[in-house]
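In what follows, every chain begins at residue 1, and chains take the letters A, B, ... in the order their sequences are listed.
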There are 2 protein chains.
Amino acid sequence: MKITSRFTVAVHTLLVIYHFEGKEKTTSEFIAASVNVNPVVIRRALLSLKAAGMVEVKAGSGGASIVKDLKDITLFDVYRAVDSVDGDIFHFHENPNPACAVGKNIHAVLDTHLADAQRALENELKKVTLYDLTQDLERRL
Amino acid sequence: MKITSRFTVAVHTLLVIYHFEGKEKTTSEFIAASVNVNPVVIRRALLSLKAAGMVEVKAGSGGASIVKDLKDITLFDVYRAVDSVDGDIFHFHENPNPACAVGKNIHAVLDTHLADAQRALENELKKVTLYDLTQDLERRL
DNA sequence: AAATGATGTAATGTCAAGCATTACATCATT
DNA sequence: AATGATGTAATGCTTGACATTACATCATTT
């Protein structure tokens with residue numbers, strides 16, 4: 001019923017790396033201390049972000065760094081990178097009765113509207129870049 | 001991770017009542033046959049729709065009827081009536097570290113954007129009335 | 001007023017998803 | 001080689017939704 005916290009965790013992770021890169025060793029453990037979750041959760045987030053080409057992670061020596069311009073990463077990109085939603089956000093009841101006029105057509109009648117709503121949410125996430133967030137963050141320090 | 005099927009079930013329920021009112025006795029069992037769920041699920045949906053002033057349910061004798069103009073009921077109204085989402089649609093990680101510059105401000109930086117996205121989804125649902133759906137349904141018969 | 005048929009609602013079991021955590025093999029650097 | 005970190009599997013826990021059973025209550029009909 002809620003969109004997985006992997007999403008906010010991943011955003012948080014990127015901001016920590018950006019903020020502390022160069023000053024601190026941005027290991028999964030260090031990041032985990034800011035997010036306040038188990039380091040494994042951060043490693044998984046980093047794997048997703050790495051697969052999406054946003055960060056680089058040094059195995060062995062440790063530490064993550066950002067390898068893509070934050071102006072080119074939107075909240076939607078992160079949302080996608082960590083698979084915040086698999087498929088549709090609305091859960092449709094499984095087997096409407098095809099022998100009923102309503103049951104037979106309920107999908108045809110509803111699906112596009114549900115998809116529109118989901119798209120509206122996602123489009124909103126596309127409007128915000130990670131760079132925007134870092135600027136907002138700076139302003140608050 | 002998905003919005004409860006109570007929502008699509010409730011929409012389906014309203015359409016069944018509208019479509020069969022007068023022709024069939026629209027009991028929870030009858031509706032359940034079209035939606036293909038347990039009648040109790042329909043009764044619960046009807047309770048919510050009744051509380052929202054959309055339907056009337058005859059206890060004892062049985063059968064539900066619509067008591068509000070379908071042009072005045074949007075998908076959002078139904079979504080709300082059945083409590084599709086409790087509070088926020090995004091799940092934020094619980095305890096960001098307040099001793100960290102990022103952890104301390106992550107909520108301030110993210111919350112409004114997440115709220116905007118949720119609002120975008122909900123606004124989209126406000127654009128569609130149940131009447132629109134019945135018209136679309138008619139066209140397909 | 002009894003019988004019927006439906007609703008209102010509590011209680012329970014099941015199942016899946018997400019999260020947290022442990023453990024350990026692997027890797028790069030010192 | 002030793003160290004310190006990542007990659008990843010495995011496990012247990014908890015929560016939430018859904019399905020179902022059961023039954024008291026109610027309105028109508030006979």
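Summarising the geometry, the separation between CZ on B:R44 and P on D:dA22 is reported as 16 Å, rounded to the nearest angstrom. One can place NE2 of B:H93 at 15 Å from C1' of C:dA20, the figure rounded to the nearest angstrom. What separates CD of B:E29 from P of D:dA19 is a distance of 16 Å, to the nearest Å. Taking atom CG of residue A:N38 and atom P of nucleotide D:dG12, one finds them 17 Å apart after rounding to whole Å. Remark: C1' of D:dC18 and CG of A:N95 are 14 Å apart, rounded to the nearest angstrom. Distance NZ (A:K58) to P (C:dT30): 11 Å, rounded to an integer number of Å. Between the NZ atom of B:K25 and the C1' atom of C:dA6 there is a distance of 7 Å, given to the nearest Å. Per the geometry, CZ belonging to B:R43 stands 8 Å off C1' belonging to C:dG8, to the nearest Å.
Heavy atoms of A:V57 sit under 4.0 angstrom from primed sugar atoms or phosphate atoms, though from no base atom.
When the side-chain nitrogen and oxygen atoms of A:T27 are compared with OP1 and OP2 of D:dA5, none of them lie within a distance under 4.0 Å. Note on B:K50: a side-chain N or O is less than 4.0 Å away from OP1 or OP2 of C:dG8. Look at B:T4 and you'll find a side-chain N or O under 4.0 angstrom from OP1 or OP2 of D:dC18. In this structure, A:S5 does not reach the C:dG18 phosphate: none of its side-chain N or O atoms is under 4.0 Å from OP1 or OP2.
For B:V40, the side-chain atoms get nearest to C:dT9 when compared with the rest of D:dA19, C:dT21, C:dT9.
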Problem set entry | Residues A:V11, B:L110; criterion side-chain contact (heavy atoms from CB on, under 4.5 Å); working and verdict | CA-CA 9 Å; A:V11 172; B:L110 256 186; 3.9 Å; yes
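C:dA28 is paired with D:dT3 under the criterion used here, namely a Watson-Crick or G-U wobble arrangement in which both key atom distances are under 3.5 Å. For D:dT8, the paired nucleotide is C:dA23, the pair qualifying as Watson-Crick or G-U wobble because both relevant distances are below 3.5 Å.
Along DNA chain D, the nucleotide nearest to A:A64 and the one nearest to A:E94 differ in position, and the one closer to the 5' end is contacted by A:A64. Of the two residues near DNA chain C, B:H91 and B:G63, the one whose nearest nucleotide lies more 5' is B:G63. Where A:P39 and B:L47 each meet DNA chain C at their nearest nucleotide, the meeting point lying more 5' is that of B:L47.
No salt bridge links B:R119 with B:E122; every basic N to acidic carboxylate O contact stays at or beyond 4.0 Å.
Other residues, nucleotides and ligands contribute over 12 non-hydrogen atoms within 6.0 Å of the CZ atom of B:F92.
No side-chain donor from either of B:S5 and A:H93 sits under 3.5 Å from a side-chain acceptor of the other.
In terms of modelled atom types and a separation under 3.5 Å, the side chain of B:Q118 and the main chain of B:G87 share a donor-acceptor contact.
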